Every structure is written in C-alpha cells, then in structure tokens.
> 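Please see the structure below; I have some questions.
This structure is a prediction, so every number in the text was calculated from the model and none was measured.
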There are 2 protein chains.
Amino acid sequence: MTIKDIAKACGVSVSTVSRVLNNRPDVSEAVRRQVMAVVDRQGYIPNNSARDLVRSQSDAVGVVVRGTGNIFFSDVLKTISREIDAAGYTMVLRQIGSDEDEVKAGAILEREKKLRGLVFLGGRFDYTPPELALVGVPYVCCSFTNCFGTLGDDDYASVSIDDFRTAYRAVEVLLQLGHRRVAALVPSSEDRSISQLRCRGYLAALADNGVAFDPELLAETGGCFEMEDAYRGMSALLDSGADFTAVFVLSDTMAMAAMKALHDHGRRVPEDCSVIAIDGLSMSEYTVPTLTTMVQPAEEMGRESVGILMGMIRGESGPRHLRLEAQLRRGGSVARAPDRSV
Amino acid sequence: MTIKDIAKACGVSVSTVSRVLNNRPDVSEAVRRQVMAVVDRQGYIPNNSARDLVRSQSDAVGVVVRGTGNIFFSDVLKTISREIDAAGYTMVLRQIGSDEDEVKAGAILEREKKLRGLVFLGGRFDYTPPELALVGVPYVCCSFTNCFGTLGDDDYASVSIDDFRTAYRAVEVLLQLGHRRVAALVPSSEDRSISQLRCRGYLAALADNGVAFDPELLAETGGCFEMEDAYRGMSALLDSGADFTAVFVLSDTMAMAAMKALHDHGRRVPEDCSVIAIDGLSMSEYTVPTLTTMVQPAEEMGRESVGILMGMIRGESGPRHLRLEAQLRRGGSVARAPDRSV
C-alpha cells in the first residue's frame, strides 16, 4: 500500500497524508485520526528512504563490519547497536567479507542512507588520505588503527587495544613461566596489519628477555584467520620436529584449532605445550582445557567508539585515539615450562 | 560532492550529468568523457536510493538474519550472498536479535529499499496471515517452517531440515549403541519453535524403541541457545544425581558447553557419557573430542532458498517447501554404552 492508496481511501490529498505521517501541526485532528486508522489497519510503513531525501538530516549511523565470520566482532556489535540506539540514532549495518573494501562499502552506505557518521568494525591498517576522501562524514575505526598508513591523527578517530603490547604481554606470561622455546602461530609476519603488529610484539618480548629468535618457530598460516589454516599450520610445525614448549597464537579461534592439532599429535595442553592467545571470546571459556587469553574489552570498545563518534557528529569534540587495555584471563592452557636437564 | 557540483564543474546541466551516470545514449562522447573525468577524480558515488525512487524496479533482495550470534547462520549467509549476486541482484542485509520481530524488520526493509524479495534467515514458527500481510513481496523462510502457525502452504516458501526427524535420528544413533538412559538438553520443550520440534523427535525415538521417558532426564535450559545457559543446565542435571550415559543436545555450541560441564564434573566424553548434537558447524571439528553431530546442509540451504525466491520474483514458479536431509558426521564424542551388570 502506498501513500497514494491511503489518500484515496481517506478521500484526502497525498500531501495531507504526508503531513499526518510527518507529525506536522497543520492537519485537523479528525483528518489525522481518519488517516492513522487506515494506516494502522493496512500496516503501512513509511518509505524512509524517500523521506530521508526530503528531510535535511537523517538520523542514520552506518556500521560496516569486515569479516562476517569474526565471532569477536559480534560481541562488539551488540554494544555498538545498543549505544547508537541510546543516542537517538538509527544503526544501518553492512557486513562484508575479509577480502572486501570497507571504505567503498562505507562510502556507498553514506550516500544511500545519508549517514551522519560511520563506524568501521575491522579494516585495513594502511589507508591513504585520497582513499578516505570518499568518506564525507565523521568516522571511527573500531579495533584497528592506521599505523601502516599515512592518515594524520586529526583525519580519523580510533578505538583499539595496543596489538603490539598485548602480544608482548602474552609472550611474557610464557617467558615468566620458564619457557624459552616459544613458537608463534600467525597468518603473516608482514601483512601491514594486525598479524604483523602482534608478530612484532612476540619478537620484541623474546629480545627483551634475552631469548634468541628461532625462525623455525614462526609458523605463518596464510589465509584470513581461518581455523582450518591454523590447524594445518600447527600440524606442519609439529611435523617439522621443531622443539618448543609453548605457542603464542594470534586469535582465540585459531588457538582452538591449534589445541586440536596438538591433541591429535599426542601432545597434552598444557603439560607438553602451553597455549596463549588474544581475543577473550566467551566461547573460549568452554574449551577443554579453558583457553588462557588476553581479553579485548569488547563492550568498552563498542561504547567508546560510539561515544567518540557522537562527539564528532554533534561538533562537540574532534577525532580522538583511544588505546584500551587487554586483560589476561587465566584458563588452563598455560603451565610452567617442563623441567629439562640440559 | 553532489550531482549539482559535478554539473557546475563541467559547465553542463544536472540532467546531462544524470544521463551520463545512467549510461543513456543521448549524450555526446566528449561530454561523457568530461563528466566521467570529474566523477573519477572526485570519487563521486551515485545516490542509489534517489535513483531507486526514479527507476521503476530496484534490484534489491533483502535478507533478515534473526540471531546475530548464531554461527550456523554465518555459514548459510555466505552462500545466500553469493547466490543473490550471481542472480544479478543486490543483497540488502539486516541483522536483528533473537528476541526481535523479523517480520517487522523485513517489512520496513521492503519499503526502505524497494525490495523485490526477502529471505528470512531464522524466525518464528507460528506466523498468522495478518502478520505476514505486512510483507508485500515474495519471501522464503530459510531454516524454519510455519508448522505451529496458520499460514497456508501457498502463502509462503521454506527451506529447512526436518527438525523432528533429525533429532529422532540423532537419538537413534545413541539407542543403537545400547544407551537406554538418554538425557536431552534443550532450551524449552514447548516454545512452539525449533526446540519443541527437536524435543518431540527425542521423545518419539525413545517411544519407538521401547525406552520409557524419564522426565528427570529432560533438562530445559531456558534462554536463547546461549552456551552459558547450556553449561548451567548440564551442570544442574549432573548435580541432580540423575543416571544417564548419553545426552542429545539441541545445537553444536550448546553441546560444546555441555562437554565442558561434563569435563568439569569429572565425566569423560565419550567413555562416561556420549554427546550428540545438531548443526554441524565447521568449528565443531576442532573440539576435543571432535563433536558427533547431524550436519545441516548450510550451502544447499542458502542456494535453494535463493533459487526458490528467484523463481517467485521472476514469476516462473510459486512458493515451494523443501526439506533437506541432515547428514551424520561421526566425531569422537559418541561411544557404545558402558557395560552394566544390572
């Protein structure tokens, strides 16, 4: 049913129906009641995209999620959705694959929905100013920064953990328990992205603690953080005969696959090999043994991202960069290094 | 940059720019080049919602996903997205919580985006015709049917497994291995939805195999399929001292939490208790032990849903109802019932 059908059914003009639907004062109460009765009876829902074109400002805030299968993002998204609602705006969501272009998706969404602002949940770390010129509204990078790119600090806002430091701390947990042969399982050591940052943290922790880096212990899985790649990478490391008593894994789901590979190779976790990861999914509390992991503050990340964005939309504050602290959640996958008589 | 800015920059009229952007033939090649040069340089993206209002038909197909944290749905969604693309349409995605109204979300999306059709990925099983009258385009229910509702078979299309039969077969796997004390872990036995259907399958399998139903072994967790609820429900069942050697669990993620509860109570899987579930997530191949589960054909479900919808949109075929077969994937979580001298 269109606005024309309603006008016809009520015997009034289209513009009168439109005035009723937009709560304008210049309509008599009798006509308002008559129109709303038809609207309610017929289940008419206003065509918002048409209305947005007429209104000077929409209330839409876009969220582009990169990586549909990323379980960590679902947790953050719940908070983002609630906070946008609470601020009196409407969330418009677009999910894209890990190999798609979030900037283009955001720019298209901006034009389609007349966005007031944008949250990128996941994205590349190496934007250039011309690329981001496509985006004409304030935006916040949630869970990542532009540390491999050329944006100025005033060009964008970001909320994330410090990936380098969090990896550093995770590896230190292992070193403090006496581990010296510590492997790393990451998609890539030079992807100009999260994997490279966390790999650097691993290397720095080894160096600062006087442990020589053994290239044999760096297992690069390739791919997009898939469990299948992690299982294969961990199995290859085990099959290579490399000697290690602990492994630092890029993410929780990759760590689940790594624990499975260890189990299938007859290695007990944590007795024969300790496992530590970064993410802190709720799901990781249900692995056997419970995964020890650095918890990213999903709720705080979502809340702060929307908070910063609202300040920018309302013109109250400029772009800011917030680094949040990850917290170690001790599970049962990390133990003291086995005693070795050398 | 708007279409007006481009017109001004090129010294041509707005309607000329519009003709270029819409690939109309009535523009000279020189003007076309000039306009596109500005468009390319400035990164202008056409305002599709404005264009959709002018065009007689959009190419948008809506997908409403109910349950943002449902990992099974992410797998189906990948296929749906690819198939909609392949059919030459554009997917418009909306994700809502398990407690939200998918029909209303779909109806709003339909008006906003001038949808040609809709896929509901997850939803209620008890629609009434007046509720669905809100939706004015063809739609397919993916992963569920209307078996507790009053829609006629010609009113809607659906693609799903047979939940009753799949649960029945899962429980039979346990019974054939000699289990007689078989528990069930489900959110609810009377939610007029998936949980009730699978619970009925459990009860029927027991009855058909001459095993008396013991109400003590039916653990209802409440909630929306959360792992936390499943862990608590399984723990309560174990604490109650109930006697059982196997458990049928509604979903894979709930089964992961159940296995953890068994482990934390000192019960070995499968030696002391077998565990079987329904879903077949890729993730379940990485649990220790590997989960034995009835695999829903995620890819086929997505492909068939879009196929049926396309037939309806193009007026080539009417609504159909497709029941797909789930396949048993044997893992390591099910074993023969322990020998008991009674």
> For the candidates B/Thr287, B/Asp75, B/Asp264, B/Leu77, which exhibits the highest count of non-hydrogen atom pairs separated by less than 4.5 Å from chain A?
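Among the listed options, the one with the most contacts to chain A is B/Thr287.
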> Is the shortest distance from a Lys or Arg side-chain nitrogen in B/Arg329 or B/Glu285 to a carboxylate oxygen in the other one below 4.0 Å?
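A salt bridge links B/Arg329 with B/Glu285.
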> Which one of B/Met283, B/Glu110, B/Arg94, B/Met259 has the most heavy-atom pairs closer than 4.5 Å to chain A?
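Sorted descending by pairs with chain A, the first entry is B/Met283.
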> Using heavy-atom distances under 4.5 Å, tell me whether A/Ser81 contacts chain B through its side chain, its backbone, both, or neither.
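Neither part.
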> What part of A/Glu228 gets within 4.5 angstrom of chain B, counting heavy atoms only: side chain, backbone, both, or neither?
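It is both, since atoms from each part get that close.
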> At a heavy-atom separation under 4.5 Å, does A/Pro130 approach chain B through its side chain, its backbone, both, or neither?
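Neither part.
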> Can you tell me if B/Asp279 and B/Thr293 form a side-chain donor-acceptor pair at under 3.5 Å?
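No - no donor-acceptor pair under 3.5 Å links their side chains.
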> Which residues pass the ring-ring contact (aromatic ring centres under 6.0 Å, His included) test with B/Phe72, sequence neighbours left out?
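So B/Phe72 forms no ring-ring contact (aromatic ring centres under 6.0 Å, His included) with any residue.
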> Using the salt bridge (charged side-chain N to carboxylate O under 4.0 Å, His left out) criterion, which residues pair with A/Asp229? Sequence neighbours excluded.
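Salt bridge (charged side-chain N to carboxylate O under 4.0 Å, His left out) list for A/Asp229, sorted by chain: A/Arg232.
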> Does a side chain donor of either A/Asp155 or A/Tyr127 reach within less than 3.5 Å of an acceptor in the other side chain?
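Distance-only check fails for A/Asp155 and A/Tyr127.
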